Amino acid sequence: MADKATGPEEATAADLADGAGTPVIEVLTGAHAYLREVVAAVGDEQWGAATPCDAWTVRQVLNHARIDQQGYGLALTGGRPDSDPFHPADALDGDPAAELAKVLDAVAEAYAGLPADAGQVPTPLGPLPLPLAIGAAAMDAAVHAWDIAVATGQDRPLPAGTAEGIGPAAEHLVDHLRDSYQVFAPARETPDGHDRSAALLAFLGRDPRWSPRAD
C-alpha cells in the first residue's frame with residue numbers, strides 16, 4: 001500500500017473513489033454484510049476462542065467492532081458510546097447477531113441519510129471527508145469480521161470487492177493511526193502470490209495466513 005502525500009483532511013472524493021466506481025455507501029453496507037455473515041456463523045462454543053487480536057477472544061473482538069460501529073453512528077449526532085472499544089467486555093449481552101444488527105442498521109441509515117456533498121463529517125477519528133469517513137467505518141467492520149472468521153475456522157475470506165473499496169481509506173489513514181496511536185500492528189511483508197485482500201490485511205498488520213494454535 002503506497003503512502004499518500006495528502007493528509008486525511010486533504011483527501012477528496014476523487015482520491016477516495018473505488019476503482020470500480022462502487023458508490024461509497026455500498027462499501028460500508030458490503031463490509032457490514034460480511035460482518036453479519038461471520039458473526040451469525042459463530043458456534044456457541046467458539047466465543048472464547050483466541051483471535052489475531054492479541055489477548056482478545058472472539059467475544060471481545062465482536063464487542064470492540066460493535067462499539068466502534070456505534071461510535072461512527074453516534075459521532076454524527078454528537079454522541080459517544082457508553083463503553084470503551086479498546087477495553088471490550090469478554091461477555092455477551094443477549095443475542096450477539098441481533099445486537100450487532102441493531103447497531104449496523106443505525107450506522108448505515110445515518111450515513112445513507114447524509115447528502116453526497118456533505119464535505120467533512122464528524123467521526124471517532126475527528127472530522128473527515130464523507131467518503132473517507134465511510135471507508136474508515138467499513139475498514140473497521142471488515143477487518144474485524146475477518147479476525148472472527150479465521151478465529152472460528154470459517155471459510156469466509158475478506159471479499160476482494162470489499163478490500164478494494166476500503167483500500168483508499170486504509171492508504172490515507174492507517175499509517176497515521178499506526179504511528180500516532182499504535183492501533184495497528186506494523187505492516188507485514190505481502191505474501192507471495194497475494195491477492196488484494198491479503199495485501200490489505202498485511203498492510204493492516206495482520207498475517208493473512210493466520211490460523212488458531214492447536215491445543
Side-chain angles (χ1 to χ4, degrees), residues 1-2 16-66 68-69 72 88 96-97 100-101 103-104 107-108 134-174 177-178 183-214:
M1 308 283 284
L16 301 170
D18 178 340
T22 303
V24 176
I25 192 63
E26 291 187 10
V27 175
L28 180 60
T29 56
H32 282 179
Y34 179 44
L35 181 56
R36 292 174 195 261
E37 180 182 348
V38 167
V39 169
V42 176
D44 290 343
E45 76 286 355
Q46 294 180 308
W47 289 109
T51 71
C53 300
D54 287 347
W56 280 5
T57 66
V58 172
R59 277 185 296 264
Q60 288 171 294
V61 173
L62 171 60
N63 285 331
H64 169 80
R66 179 180 50 76
D68 271 354
Q69 291 302 302
Y72 277 97
L100 175 67
V103 172
L104 299 186
V107 174
I134 291 175
M139 176 173 65
D140 191 275
V143 72
H144 291 312
W146 179 85
D147 290 332
I148 294 171
V150 296
T152 55
Q154 298 183 41
D155 185 17
R156 289 183 169 86
L158 175 62
T162 299
E164 188 70 29
I166 63 181
E171 290 177 348
H172 280 83
L173 289 171
V174 168
L177 294 173
R178 184 173 9 239
V183 295
F184 289 96
R188 292 174 173 266
E189 291 284 334
T190 302
D192 292 339
H194 68 277
D195 57 17
R196 187 69 179 82
S197 298
L200 177 66
L201 291 166
F203 179 66
L204 298 178
R206 264 70 172 177
D207 177 359
R209 299 191 181 98
W210 191 93
S211 63
R213 295 184 180 90

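Atom set for the values below is all heavy atoms of this structure, side chains included, hydrogens, waters and symmetry mates excluded. Because the structure is a prediction, the values reported are computed rather than measured. Position 1 is the first residue of the sequence, and the numbers go up from there.
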ask   = Going by the angle between their ring planes, with limits at 30° and 60°, are W56 and H64 parallel, tilted or perpendicular?
value = tilted
Flag side-chain contact, heavy atom, 4.5 Å: D140 against Q69: yes
Distance-only, no hydrogens or angles: does the Y34 side chain make a donor-acceptor pair with backbone N or O of R156 under 3.5 Å? yes
Shortest non-hydrogen pair, A136 vs L173, comes out as CB-CD1, 3.6 Å
The reported gap from CD1 in I134 to CD in E26 (rounded to nearest 0.5 angstrom) is 11.0 Å
* Asked: Do L104 and L35 have side-chain heavy atoms sitting under 4.5 Å apart?
  -> yes
Beyond-backbone contact of T162 with V27, side-chain heavy atoms, under 4.5 angstrom
no
On a heavy-atom basis, the closest approach of P208 and A198 is CG-O, 3.5 Å
Between A169 and G135, the two heavy atoms sitting closest are CB-C, 3.6 Å
Contact check, side chains of P52 and V150, non-hydrogen atoms, under 4.5 Å: yes
So CZ of R59 and CD1 of I148: to nearest 0.5 Å the spacing works out to 12.0 Å
Check: Heavy atoms, side chains only, cut-off 4.5 Å: are P168 and I166 in contact?
Finding: no
Q60 side chain vs T57 backbone, donor-acceptor pair below 3.5 Å | yes
- prompt: Between T190 and A199, is there a donor-acceptor pair closer than 3.5 Å when you use the side chain of the first and the backbone of the second?
  reply: no
Is the positively charged end of R206 above the ring of F184, judged by distance under 6.0 angstrom from the centroid and angle within 45° of the axis? no
Tightest non-hydrogen contact, residues L158 and S197, listed as O-OG, 2.8 Å
_Residue pair W146 / P157, side-chain heavy-atom distance below 4.5 Å_ = no
Heavy-atom closest pair (A108 atom, T29 atom, distance to 0.1 Å) is CB-CG2, 4.4 Å
Side chain to side chain contact (heavy atoms under 4.5 Å, CB included) for L204 and R178? Distances and angles first, verdict last. CA-CA 9 Å; L204 298 178; R178 184 173 9 239; 5.7 Å; no
Rounding to 0.5 Å, atoms NE2 (H144) and CE (M139) come to a distance of 9.0 Å
Tightest non-hydrogen contact, residues Q46 and T152, listed as NE2-O, 2.9 Å
Donor-acceptor check, side chain of Y72 to backbone of V107, threshold 3.5 angstrom: yes or no? no
Contact check, side chains of V174 and F203, non-hydrogen atoms, under 4.5 Å:
yes
- Task: Find out whether D207 and R188 are in side-chain contact, i.e. whether some heavy atom of one side chain is under 4.5 Å from a heavy atom of the other.
- Result: yes
Take atom CD of E45 as the centre, draw a 6.0 Å sphere, and report whether it contains more than 12 heavy atoms from other residues, nucleotides or ligands. yes
